[in-house]
Amino acid sequence: MQLSSRITGLLGGGSDGWGVFLRARQMISDGTPVTELTIGEHDIRTAAPILQEMHRAALAGHTGYASVPGTTALRDTVARRVQDRTGVPTTRDNVVITPGGQAALFAAHAAATNPGDTALFIDPYYATYPGTIRGVSAVPKAVPAHADDAFQPRADVIAAAAPGAKSLLVNSPNNPTGVVYSRSTLDGIARACMDHDLWLISDEVYDTQVWKGTHLSPRALPDMADRTLVVGSMSKSHAMTGSRCGWIVGPADAIEHLTNLATHTTYGVPGFIQDAAQFALNQGPAFETEIAAPFQRRRLLAQDIIARQNAVSLVPADGAMYLMLDIRSTGMSGEDFAYALLEAHYIAVMPGESFGQAAAGHIRVAMTIEDTAFAQALKTLCDFADSRIK
Ligand code: PLP
């Protein structure tokens with residue numbers, strides 16, 4: 001039987017960028033001790049008190065169908081958090097709870113685009129973006145952010161790509177680069193959205209991982225709240241990746257339609273997960289800082305190690321759980337470098353090319369292992385790059 005081109009064409013025919021990761025996993029299952037600096041997941045697990053609340057809620061009977069847009073209590077908690085952090089008036093009518101940020105990205109694109117519409121996204125990008133856009137039968141179009149601009153997307157480049165497009169997806173703090181978009185970058189993004197009547201889909205799942213200043217949401221910029229859908233998640237901020245709990249914040253009419261979409265797709269998020277998420281959010285900013293602290297600490301460690309050598313340079317960045325390293329001095333592609341490093345030293349990193357053409361000649365290092373092992377792996381990586389300098 002024939003499957004739909006929406007499903008069979010989801011990956012766009014190209015490589016899905018996971019080759020090095022899969023090779024590393026294969027080596028591990030064959031007994032090789034690989035140091036994995038690949039995926040964006042904490043080296044801690046969800047904190048015990050959050051799990052206890054999940055358990056309590058489940059035993060209290062919150063195991064039936066939960067209200068589809070989310071429990072009133074969680075929507076209120078998310079709305080209050082967003083309002084406190086951004087200053088934008090936000091109520092539960094602006095919030096729909098989703099099974100993680102990924103489902104929110106899909107739903108946001110379903111809301112913003114019709115089949116065949118062009119949906120813009122910034123390259124380098126989180127690996128699922130083009131497939132998510134294809135999944136709603138829209139057409140993904142990459143807008144490059146250049147290494148020479150420290151991967152801050154430029155308004156003129158967005159404007160040149162915008163005619164005929166319906167939406168623009170941005171992500172700050174950014175995966176894979178760690179870059180936090182500056183106020184002037186965000187102003188440029190907002191201007192392009194207004195000039196070209198684009199929906200802005202703002203993926204803010206790393207909003208608690210900002211090392212300088214505070215997180216700035218483009219929804220808070222003048223006249224942007226009516227055209228912005230913010231994607232949020234408990235995954236990164238509270239080490240709750242497996243719980244699958246996120247949200248979209250946007251205009252109330254969009255949220256009403258997104259609730260209809262949820263009714264016909266996911267049918268919401270389990271009540272005991274939502275109760276645990278609400279409990280976690282009520283732990284306040286100090287808890288979120290504690291979850292983010294290892295990545296800030298490891299970035300400082302990395303800056304120190306990288307300052308002592310010349311083979312590798314670090315893309316300047318102030319957020320998220322990743323380092324983007326420029327390895328062009330070796331003359332190798334990111335992919336060749338990553339495979340060679342894996343074979344020589346059993347260290348797995350992601351090739352920049354897995355995240356788009358703009359990150360070619362780079363590698364992404366996830367700062368997701370314990371500090372001493374992380375520092376050792378990074379030193380080995382730098383020495384390896386040095387041995388390969390052209
Ligand atoms: N957006 C970005 C930029 C990510 O890096 C991730 C996960 O790594 C997600 C969204 C999806 O996160 P989740 O579905 O776990 O909330």
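Counting starts at 1 for both ligands and their atoms, following the listed order.
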Describe, in one word, how the ring planes of Phe295 and His42 are oriented to each other, choosing from parallel (under 30°), tilted (30 to 60°) and perpendicular (over 60°).
tilted

May I ask you to decide if the ring planes of Tyr126 and Tyr129 are parallel, tilted or perpendicular, using 30° and 60° as cut-offs? perpendicular

**Prompt:** Do the side chain of Gln209 and the main chain of Met321 share a donor and acceptor less than 3.5 angstrom apart?
**Reply:** yes

Could you tell me whether [X] and ligand 1 have an N or O pair separated by under 3.5 Å?
X: Tyr129; value: no
X: Asn171; value: no
X: Gly40; value: no
X: Ser233; value: yes
X: Tyr322; value: no

With a 3.5 Å cut-off and no angle check, do the side chains of [X] and [Y] form a donor-acceptor pair?
X: Glu335; Y: Ser333; answer: no
X: Asn174; Y: Thr177; answer: yes
X: Asp30; Y: Gln26; answer: yes
X: Gln152; Y: Thr185; answer: yes

Minimum-distance protein heavy atom relative to [atom]:
atom: atom 14 (O) of ligand 1; value: Arg244 NH2, 2.7 Å
atom: atom 10 (C) of ligand 1; value: Asp203 OD2, 3.4 Å
atom: atom 9 (C) of ligand 1; value: Tyr126 CE2, 3.5 Å
atom: atom 15 (O) of ligand 1; value: Ser235 OG, 2.6 Å

Short version for Met234: what comes under 4.0 Å of ligand 1, heavy atoms counted, is neither

Charged N to carboxylate O under 4.0 angstrom, Lys141 versus Asp117?
no

For this session: Would you check whether Lys236 reaches within less than 4.0 Å of ligand 1, judged by its heavy atoms?
Result: yes

query: Would you say the ring centroid of His362 lies under 6.0 angstrom from that of Phe151?
result: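 Centroid distance His362-Phe151: below 6.0 Å, so yes.
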
Within 4.0 Å of some non-hydrogen atom of Gln102, the atoms of ligand 1 are 11 (C), 13 (P), 14 (O)

Pull out every atom of ligand 1 sitting under 4.0 Å from any heavy atom of Gly100, numbered as shown with elements.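 Close to Gly100: 14 (O), 16 (O).
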
